[in-house]
Amino acid sequence: MSQYDVIIIGAGPGGYVSAVRCAQLGLKTAIVEGRETLGGTCLNVGCIPSKALLHATHLLHEAEHNFAGMGLKGKSPSVDWKQMLSYKEDVIGQNTGGIEFLMKKNKIDWLKGWASIPAAGKVQVGDTTYDTKNIVIASGSVPSSLPGVEVDNDKGIVVDSTGALALGKIPKKMVVIGAGVIGLELGSVYARLGAEVTVVEYMDAVCPGMDKDVQRSFKKILEKQGLNFIMGAAVKGTEATKSKAKVTYAPKAGGDDVVIDADVVLVATGRKPFAEGLGLDALGVKMTERGQVAVDGHWATNVPGVYAIGDVIEGPMLAHKAEDEGMAVAEVLAGKHGHVNYSVIPGVVYTTPEVATVGQTEDALKAEGRKVKVGKFSFMGNGRAKAVGQADGFVKLIADPETDRILGAAIIGPAAGDMIHEICVAMEFGASAQDIALTCHAHPTYSEAVREAALALGDGPIHA
Ligand code: NAI
């Protein structure tokens, strides 16, 4: 007889959420995690610690740049970097401790160590092999490497996102390779702490995949905050000494290679699925060409009883996408009908202002030959945003010109990451822009800008 109905490998947002749902649905559940704490990359070295540093440095930025104008006079706070890092560690501890509590509360066994799968229905952790009816691989992702670039987080000169969350000191000059989410969030942190930050990006725009007008505005706002950008530049390598580094890039437009100096280099050029040590090859689990575990519509691999979710399978590498898959696969295992609507998964960049997107982009729809209508509203016309000095940015709604159905949205602005969910819910219900336009929105809120963008798709916004 199997000891478990399901063993989940990996306790990140995909794995631990799946474990809780499995337990709630009456399955005897265990979770394997080799880290000292639960929560995976997101809680330990990703989403949560970066948000702690973004919050603290945002307040510093406000004190330095905006307090005096509001009549808050006096010296700006000085930075105690050690204390800021310990605040971040405390935030991590509270969150990972919370997950441990959830495991106990739901009677989920935490099998401590690194797992391998010697055969279907068997999970080995250390010297012990456990029998289980089902296995869910939720082993996540790791930073991808860049040829010619050697990351050494211990030295703290050329680092990835993990190293950048624990630097020994605040660098004077930081070079960030990659203008994606990680590069811009952590680049913002260090720019606010006084570092001269230069982002080197291969493409001609920041944040690949967003609409061009959103990318342009976002970059302009970041430039205003002091970030420097070198676009169209392919980094070929880095060279680190004891306390400095050199970054070499080739301009895409041609010409000689260029070398720039930095105290710290942050490599943020993407992440790759992580399934090392699981023994998937020997087990015969099919992988995609991109090194992801291949799954069907029910997150099942080709090996019966073995499932996979989150960053290790295809799709956006986002904690909430993994969570949704975690809940859905639990429902499948419990004989229900788990479902994830992949067309309504929001994405958020937690800079100030935040940038949030959902659904399809105007550029992608047009490239497919689809007709679209676009309603845009600037936060300049939003009283609340003005009151807090955060009127940069806009709401953009994309709708079908015939049916008025909302197809996608982008928001650059205060609390964009929270506001996007109004549009997500609307899209889940197949709402039209008029549905949002006809919904009373409290005044004065940032959300009124969403309604105004919806009004812009009809007879026109009021405050523009
Ligand atoms: P990314 O894929 O978002 O961006 C990487 C950037 O690096 C791209 O713009 C790419 O063109 C550039 N690049 C690649 N090679 C280069 C080279 N040799 N020279 C110059 N530029 C180069 O990857 P990122 O920011 O590392 O994030 C990894 C994953 O983690 C993403 O899937 C992201 O969605 C996820 N993540 C999400 C967060 C959020 O939702 N707030 C926060 C942090 C990470």
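Scope of the values below: all heavy atoms of this structure, side chains included, with no hydrogens, waters or symmetry mates. All figures in this text were calculated on a predicted structure; none of them were measured in a lab. Sequence positions, counted from 1, serve as the residue numbers for this chain. Just follow the structure's listing: the first ligand is 1, and inside any ligand the first atom is 1.
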message: Could you check whether any side-chain heavy atom of Thr238 comes within less than 4.5 Å of a side-chain heavy atom of Ile177, counting everything from C-beta outward?
response: yes
message: Going by side chain to side chain donor-acceptor pair (under 3.5 Å), name the residues that satisfy it together with Asp204, two or more places apart in sequence or in a different chain.
response: none
- prompt: Does the side chain of Val267 reach to within under 4.5 Å of the side chain of Pro143, using non-hydrogen atoms?
  reply: no
Which protein N or O atoms sit under 3.5 Å from any N or O of ligand 1? Give atom names and distances.
from: ligand 1; atom 1: 9 (O); to: Glu201; atom 2: OE1; distance (Å): 2.7
from: ligand 1; atom 1: 9 (O); to: Glu201; atom 2: OE2; distance (Å): 3.0
from: ligand 1; atom 1: 11 (O); to: Glu201; atom 2: OE2; distance (Å): 2.6
from: ligand 1; atom 1: 18 (N); to: Val235; atom 2: O; distance (Å): 3.3
from: ligand 1; atom 1: 19 (N); to: Val235; atom 2: N; distance (Å): 2.9
from: ligand 1; atom 1: 21 (N); to: Tyr202; atom 2: N; distance (Å): 3.1
from: ligand 1; atom 1: 23 (O); to: Gly270; atom 2: N; distance (Å): 3.3
from: ligand 1; atom 1: 25 (O); to: Val181; atom 2: N; distance (Å): 3.2
from: ligand 1; atom 1: 25 (O); to: Ile182; atom 2: N; distance (Å): 2.9
from: ligand 1; atom 1: 26 (O); to: Ala268; atom 2: O; distance (Å): 3.4
from: ligand 1; atom 1: 26 (O); to: Gly270; atom 2: N; distance (Å): 2.8
from: ligand 1; atom 1: 40 (O); to: Val348; atom 2: O; distance (Å): 3.3
from: ligand 1; atom 1: 41 (N); to: Glu185; atom 2: OE2; distance (Å): 3.0
from: ligand 1; atom 1: 41 (N); to: Val348; atom 2: O; distance (Å): 2.8

- prompt: Taking the six-membered ring for Trp, are Phe379 and Tyr446 parallel (under 30°), tilted (30 to 60°) or perpendicular (over 60°)?
  reply: perpendicular
- prompt: Is any side-chain heavy atom of Ile8 less than 4.5 Å from a side-chain heavy atom of Tyr16?
  reply: no
query: In Å and rounded to the nearest 0.5 Å, what is the CD1 to CG distance from Ile99 to Leu102?
result: 5.5 Å
